[in-house]
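Worksheet: one structure, shown below.
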Amino acid sequence: MNEMAFRVTSNDGTTIAYDRNGRGPAVVLVGGAQDDGAENAPVIPALAEHFTVYNFARRGRGASGFTEPYAVEREIEDLDALIAEAGGSAHLFGASSGGALALEAAAAGSAIDTIAVWEVPYAVGDDIRPRFEEYVADTRRAFDAGRDEEVLELFMRMTGASDDNVAARKAAGKQTAHWADSVALAPTLVHDSLFLNHYQLPADRLATVTQPVLVTTGGPITVPYMAGLPSDFFDRAADELADLLPHAQRETLEGPDHVVDPQIVGPLLLRFFSSEHRGVREVLREDD
């Protein structure tokens with residue numbers, strides 16, 4: 001479990017764990033699927049010289065608490081509590097499903113300055129919609145029956161893992177605490193599907209986002225563990241987002257993996273968030 005030093009209390013009394021590093025305007029890092037904050041942590045050094053970086057574990061993950069019943073609004077309230085703790089406004093970087101949460105918070109009116117998202121997993125295209133609808137239904141049934149390990153395995157198979165690969169990863173994970181930790185996070189996969197609108201891009205809501213948004217991907221999928229998805233899966237969603245959002249900048253980077261590479265993403269985030277000092281909307285217009 002990713003231990004964190006600080007705590008803030010959300011609106012429903014749930015304790016949210018976070019780390020704080022650096023000094024300057026606030027940047028909040030929002031993690032994606034199966035992440036307790038560890039995957040975004042390597043981005044912190046790239047930002048901490050110029051920003052105060054808040055990296056948190058979303059509810060139900062790591063050192064953060066969880067209060068039933070789950071609702072998308074509670075996750076937005078968690079962000080609001082952290083933003084209040086950070087001084088009342090913040091830039092947001094959301095990786096994968098964390099990007100969808102950041103955008104939903106902006107649409108709900110959270111005090112967000114600018115937003116950067118990385119490979120948000122909306123399932124765009126009639127060729128993949130049936131698969132994702134089946135996945136959402138299957139994981140919901142497994143979740144309702146308390147079969148958390150099955151929820152995790154369904155997620156792995158949906159992205160492209162074979163039965164042999166799932167068995168091998170399970171066997172390797174059971175040699176350490178990794179598999180048990182992953183199973184403990186499995187219910188959050190069902191939560192993710194809710195605020196991801198069952199992986200269908202919520203065009204009407206996101207069209208109301210007024211903040212500047214940097215939409216990034218790492219290009220075609222090449223990693224074996226995501227071989228079950230179309231190679232342009234993340235680019236499809238990013239292109240739709242960039243067309244939909246009123247103030248969007250679209251960037252494709254040389255990213256070898258879906259997990260954020262701080263050497264690639266860090267400098268871009270630093271430039272984007274720093275552009276606020278001379279008016280980020282002006283900077284976006286210059287880049288068009």
Open item on the list: In terms of relative ring orientation, are Phe132 and Tyr199 parallel, tilted or perpendicular, with 30° and 60° separating the classes?
Closed with: tilted

TODO: Measure across Pro262 and Pro42 and return the closest heavy-atom pair with its distance rounded to 0.1 Å.
DONE: CB-O, 3.3 Å

Task: Minimum side-chain heavy-atom gap Val265-Thr216 below 4.5 Å - done: no

- [ ] Using a 4.5 Å cut-off on heavy atoms from C-beta on, say whether the side chain of Val213 contacts that of His247.
- [x] no

Open item on the list: So Arg169 and Tyr225, do their side chains get closer than 4.5 Å, heavy atoms only?
Closed with: yes

Open item on the list: With salt bridge (Lys or Arg N to Asp or Glu O under 4.0 Å) as the rule and sequence neighbours excluded, what pairs involving residues 233-249 come up?
Closed with: Asp127-Arg236, Asp232-Arg236, Asp235-Arg250, Asp239-Arg250

Open item on the list: Quick test of your reading: applying salt bridge (Lys or Arg N to Asp or Glu O under 4.0 Å), list the pairs with at least one residue in residues 9-20, sequence neighbours left out, ordered by first then second residue.
Closed with: Asp12-Arg59

TODO: Scan for ring pair (Phe, Tyr, Trp, His ring centres under 6.0 Å) pairs involving residues 149-180, sequence neighbours excluded, and state none if there are none.
DONE: none

Open item on the list: Among residues at least two apart in sequence or on other chains, which ones pass salt bridge (Lys or Arg N to Asp or Glu O under 4.0 Å) with Asp192?
Closed with: Arg58, Arg61

TODO: List the atom of Val72, the atom of Leu194, and the distance in Å for their closest heavy-atom pair.
DONE: CG2-C, 4.1 Å

Task: Flag side-chain contact, heavy atom, 4.5 Å: Phe6 against Tyr54 - done: no

Task: N-O pairing of Arg141 and Asp144 below 4.0 Å - done: no

TODO: Return each pair, listed once, that meets salt bridge (Lys or Arg N to Asp or Glu O under 4.0 Å) where at least one residue sits in residues 197-218; pairs must be two or more places apart or across chains.
DONE: Glu104-Arg205

Open item on the list: Which heavy atom of Ile16 sits nearest to which heavy atom of Ala57, and what is that distance?
Closed with: CG2-O, 3.7 Å

- [ ] Could you state whether Ile76 and Val117 fall into the same hydrophobic cluster, counting links through intermediate Ile, Leu, Val, Met, Phe, Trp or Tyr residues with side-chain heavy atoms under 4.5 angstrom apart?
- [x] yes

Open item on the list: Keeping Ser97 on the side-chain end and Ala33 on the backbone end, is there a donor-acceptor pair under 3.5 Å?
Closed with: yes

TODO: Check step by step if side-chain contact (heavy atoms from CB on, under 4.5 Å) holds for Asn55 and Met4.
DONE: CA-CA 9 Å; Asn55 185 34; Met4 294 180 165; 4.1 Å; yes

Open item on the list: Quick check: is Leu196 connected to Leu185 through a chain of hydrophobic side chains (ILVMFWY, heavy atoms under 4.5 Å apart)?
Closed with: no

- [ ] Determine whether Phe272 and Glu251 make a side-chain contact, defined as any pair of heavy atoms from C-beta on separated by less than 4.5 Å.
- [x] no

- [ ] Spell out, as yes or no, whether a donor-acceptor pair under 3.5 Å connects the side chain of Arg131 to the backbone of Gly228.
- [x] yes

TODO: Over all heavy atoms of both residues, which pair between Leu92 and Ala102 is shortest? Give the atoms and the distance, please.
DONE: CD2-CB, 3.7 Å

- [ ] For the pair His191 and Tyr70, name the ring-plane relationship: parallel under 30°, tilted 30 to 60°, perpendicular over 60°.
- [x] parallel

- [ ] Not counting sequence neighbours, list each pair that qualifies as a salt bridge (Lys or Arg N to Asp or Glu O under 4.0 Å) and has a residue in residues 193-203.
- [x] none

Open item on the list: How about CD on Glu149, more than 12 heavy atoms from neighbouring residues, nucleotides or ligands closer than 6.0 Å, or not?
Closed with: yes

Open item on the list: Between Asp80 (side chain only) and Ser110 (backbone N and O only), is there a donor and an acceptor less than 3.5 Å apart?
Closed with: no

TODO: Identify the two heavy atoms, one from Ser193 and one from Val136, that lie closest to each other, and give their separation to 0.1 Å.
DONE: CB-CG2, 4.2 Å

Open item on the list: How close do Phe233 and Ile221 get, counting heavy atoms only, and between which atoms?
Closed with: CB-CD1, 3.8 Å

Open item on the list: Rounded at 0.5 Å granularity, tell me how far CD in Glu77 sits from OG1 in Thr14.
Closed with: 9.0 Å

